[in-house]
Amino acid sequence: MMLSRWQWLLKQFARRLWVRVTLFSIAAIVTALLGAVLEPIIPEAVPGRVGVDALDNILGILASSMLAVTTFSLTTMVTAYTAATSNATPRSSQLLMDDPTTQNTLGTFIGSFVFSLVGIVLLTTGAYGENGRLVLFLVTIAVLILIIVTMLRWIDYLSTVARVGEVTDKVEVAATRALEDRMKNPYLGGRPLRDPTSEVPTDAAPVHAERIGYVQHIDMETLNDCAAEHGGRVFVLVLPGTFVDPSRPLARVAGIADDQ
């Protein structure tokens with residue numbers, strides 16, 4: 001399936017580590033506020049009372065431990081990326097950075113840290129009543145279970161993340177997926193250009209790159225709409241993954257005035 005430019009940008013944006021960590025942190029803040037929000041609708045007959053000191057101690061331990069674990073995890077990530085770059089290929093480090101396991105783990109750790117801080121602040125300000133503290137206590141237990149499960153998965157993941165075989169497997173999976181997508185769309189949704197020297201008009205205007213780099217995405221739908229609107233033709237001369245510079249034309253345009 002061909003992606004538009006905005007779909008591709010959104011997909012790339014979602015892969016950023018800070019995006020997922022931010023979402024986990026927002027979820028943690030909302031979760032910490034649940035106790036204060038749900039307190040009025042909790043029946044008074046609900047048994048169980050949790051003291052402020054007990055919750056404060058638990059949240060304090062959780063906050064300090066999550067800060068240490070997050071720092072350790074970030075250091076381990078940098079070491080793993082460096083090892084992958086040295087032992088495998090520099091481009092393989094991007095696959096490790098986009099790995100959802102790493103992003104979910106760091107998001108969980110930082111989100112738990114934020115949850116603890118918000119909970120401590122609300123406890124200190126007296127925002128929680130007795131029922132609110134009960135809700136906060138139950139949510140804290142759920143967060144602790146989530147942290148334990150995440151840490152067990154993280155330990156297992158760290159034992160293999162920087163191995164050459166593991167990195168090679170990730171590269172193989174990414175390459176296989178790219179080849180399969182290319183086989184489904186061999187011409188990226190356009191018509192084949194078998195011989196540019198004879199099929200491209202000599203008066204077609206070249207389109208050059210603004211800077212040196214790799215072509216990451218071609219929005220074929222937008223190119224087709226632009227050509228149809230102006231009654232011209234666009235001849236794409238490069239494919240995603242091609243290394244280009246300002247002297248090499250990316251495409252040639254025929255039948256469209258320069259001022260359009």
I147/L62 under side chain to side chain contact (heavy atoms under 4.5 Å, CB included): CA gap, chis, key distance, verdict = CA-CA 10 Å; I147 291 173; L62 188 60; 3.3 Å; yes
Applying side chain to side chain contact (heavy atoms under 4.5 Å, CB included), run through L239 and V215 and close with a yes or a no.
-> CA-CA 7 Å; L239 295 171; V215 177; over 6 Å; no
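Proximity of F115 to V139: side-chain heavy atoms (C-beta onward) are separated by under 4.5 Å at one or more points. Residues L59 and L136 have side chains in contact (heavy-atom distance under 4.5 Å, counting atoms from C-beta outward). Between P246 and I212 there is a side-chain heavy-atom pair separated by less than 4.5 Å. In this structure, the side chains of F137 and I58 come closer than 4.5 Å at one or more pairs of heavy atoms. Annotation: side chain of D181 is not in contact with side chain of N185 (no heavy-atom distance under 4.5 Å). The shortest distance between side-chain heavy atoms of P240 and L188 falls below 4.5 Å. Between R248 and F243, the closest side-chain pair of non-hydrogen atoms is not below 4.5 Å.
Side-chain N or O atoms of R20 include none that pairs as donor or acceptor with a backbone N or O of Q103 at under 3.5 Å. Judged by distance alone, with hydrogens and angles left aside, the side-chain atoms of N104 form a donor-acceptor pair with the main-chain N or O of P100 at under 3.5 Å.
The nearest pair of heavy atoms linking F24 to G107 is CB-O, 3.2 Å.
Taking the side-chain contact (heavy atoms from CB on, under 4.5 Å) definition, one finds that L193 meets it with P196, E199, V200, F235, L237, sequence neighbours left out.
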